[in-house]
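Scroll down for the structure; my scribbles are underneath it.
All residue numbers refer to positions in the sequence shown, counting from 1. From a predicted model like this one, the values you see are computed outputs, not experimental measurements. Atoms within a ligand are numbered from 1 in the order they appear, just like the ligands themselves.
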Amino acid sequence: MSRRRIDIAKPKFGDEEWQALRGPLESGWLTQGPEVSAFEQDFAKRHEVGHALATTSCTTALHLALAALDIGPGDEVIVPAFTWVATANVILYCGATPVFVDVDRDTFNLDVSQIAQKVTKRTKAVIPVHLFGLCADMDGLRAVLPDTVAVVEDAACAAGASYKGRPAGGFGDFAAFSFHPRKSITTGEGGMLTTTDDDLAAKAEILRNHGASISEEQRHYGPQPYILPDFNLLGFNYRMSDLQGAVGRVQLGRLDGFIAERERWSGFYDEAFADIPWIRSPARPEAGQHAWQAYVTYIDPAQAPKPRNEIMQILHENGIATRPGTHGVHMLGYFRDKYGFSPDDFPAARDCERNSMALPLHNQMSQEDYEFVVSAIRSL
Ligand SMILES: *Cc1c(COP(=O)(O)O)cnc(C)c1O
């Protein structure tokens, strides 16, 4: 076999991103401004929501959502135990308590049948995660929740995903997307908060900008230079820069093309592994679009020829990058020490951390790259 190096993920840019950066660099308006506004409008339109607010990351978008919902000490927020650590961290930023629920091993998403037993009088919100780009069971979730409990989608991996024909981003009170380079489209760092609720959008917008009652832009272009904003809320600086907004607009225009290409190659993987009993391909939505942020398989330890870590090591030696899907958050030191969790408290999350394996899937891979991955796995 020829030598190759295949990354787990790699962003893709073209000349348009370079050109887009000229506008803000020439005008000198670098912080949140016209490029961010245009990016927000395009994003809201694509995801069929009334409001989109660009942020510095998905993590800060999630934090803004919880702050706008007035979540604080004494409140409980339900999260899946198998997710990126930020989903749980933002709850602690608010002084509230994360309540973990185990996941479904087949979809890697929240097991909604375990939600009802976790809901208490203190439950203020649930953060379902659309992990790796597959939407969580949003109807199943809503059906087991009291109306008073808010829903905040962690849509970090789900730009362009849909569920029962509707795009991610409008299923709850808020949704938060990520533009980290590991996601399908990127602005370096960056995020987007979406909502269909006018009042929540207005509040989140104020909280994003230090709690200021009017924005820098309004102040800059406004007719009354003596006006200082009032600050009636404890806010943050979670604004995206216009350089990022300019890149984000171009990347958003590429999103559907990126997903279509990933969809095609994920199908190629599915077919190639169909007759290998120890490797399970990712679940696909019954009605909707997987966003294919990642192609995450499950290695059945009872049938696999070697332990998962050994498989990952061999692939690594062949130049093929793989990663465990994500973490059992209850097994991470901070959460384990704070709450005294053992791995067995959330057995599916434990197994998903130990047995999941993401394969390379991105928009800089050639047919030869995909064939190389498949033959390396088949020769195990
Ligand atoms: C990447 C990711 C995040 C964090 O996104 P950032 O933009 O890096 O803050 C949160 N949740 C999930 C599920 C993620 O995959």
*asked:* Heavy-atom count check: over 12 atoms from other residues, nucleotides or ligands less than 6.0 Å from Glu317 CD?
replied: yes
_Any nitrogen or oxygen of Ser178 lying under 3.5 Å from a nitrogen or oxygen in ligand 1? Just yes or no._
yes
Can you give the donor-acceptor pairs under 3.5 Å from side chains of residues 155-175 to other protein atoms, not counting sequence neighbours?
| residue | atom | partner | partner atom | Å |
| --- | --- | --- | --- | --- |
| Ser162 | OG | Gln289 | N | 2.9 |
| Tyr163 | OH | Asp137 | OD1 | 3.2 |
| Tyr163 | OH | Met138 | N | 3.4 |
| Tyr163 | OH | Asp139 | N | 3.0 |
| Lys164 | NZ | Asp139 | OD2 | 2.8 |
| Arg166 | NH2 | Gly170 | O | 3.2 |
| Asp173 | OD1 | Val151 | N | 2.9 |

Contacts table for residues 247-258: side-chain donor-acceptor under 3.5 angstrom, sequence neighbours left out:
| residue | atom | partner | partner atom | Å |
| --- | --- | --- | --- | --- |
| Arg249 | NH1 | Glu35 | OE1 | 3.2 |
| Gln251 | OE1 | Thr186 | N | 3.0 |
| Gln251 | NE2 | Lys12 | O | 2.8 |
| Gln251 | NE2 | Glu17 | OE2 | 2.8 |
| Arg254 | NE | Glu17 | OE2 | 2.9 |
| Arg254 | NH2 | Glu16 | OE1 | 3.0 |
| Arg254 | NH2 | Glu17 | OE1 | 2.8 |
| Asp256 | OD1 | Arg46 | NE | 3.2 |
| Asp256 | OD1 | Arg46 | NH2 | 2.8 |
| Asp256 | OD2 | Arg46 | NE | 3.1 |

_Residue-ligand contact Ala61/ligand 1, heavy atom below 4.0 Å_ = no
*May I ask you to decide if the ring planes of Phe39 and Phe179 are parallel, tilted or perpendicular, using 30° and 60° as cut-offs?*
tilted
*Have a look at ligand 1 and work out which part of Thr59, if any, has a heavy atom under 4.0 Å from it: side chain, backbone, both or neither.*
both
*Under 3.5 Å, N or O to N or O, is Lys183 touching ligand 1 that way?*
yes
_Plane angle bin for Phe268 and Trp265 - parallel if under 30°, tilted between 30 and 60°, otherwise perpendicular_ = perpendicular
*Using distance alone, determine whether Leu62 and ligand 1 share an N or O pair under 3.5 Å.*
no
*Mind checking whether Ala156 contacts ligand 1 via backbone (N, CA, C, O), side chain (CB onward), both or neither, at a 4.0 Å heavy-atom cut-off?*
side chain
*Can you sort out which atoms of ligand 1 are near Gly190, meaning under 4.0 Å from one of its heavy atoms?*
7 (O)
*Report yes if some N/O of His180 lies less than 3.5 Å from some N/O of ligand 1; otherwise report no.*
no
*Measure from NZ or CZ of Arg262 to the centre of the six-membered ring of Phe132, then state whether that distance is under 6.0 Å and the direction lies within 45° of the axis.*
no
*asked:* Is the contact between Thr326 and ligand 1 made by the side chain, the backbone, both, or neither, using heavy atoms and a 4.0 Å cut-off?
replied: neither
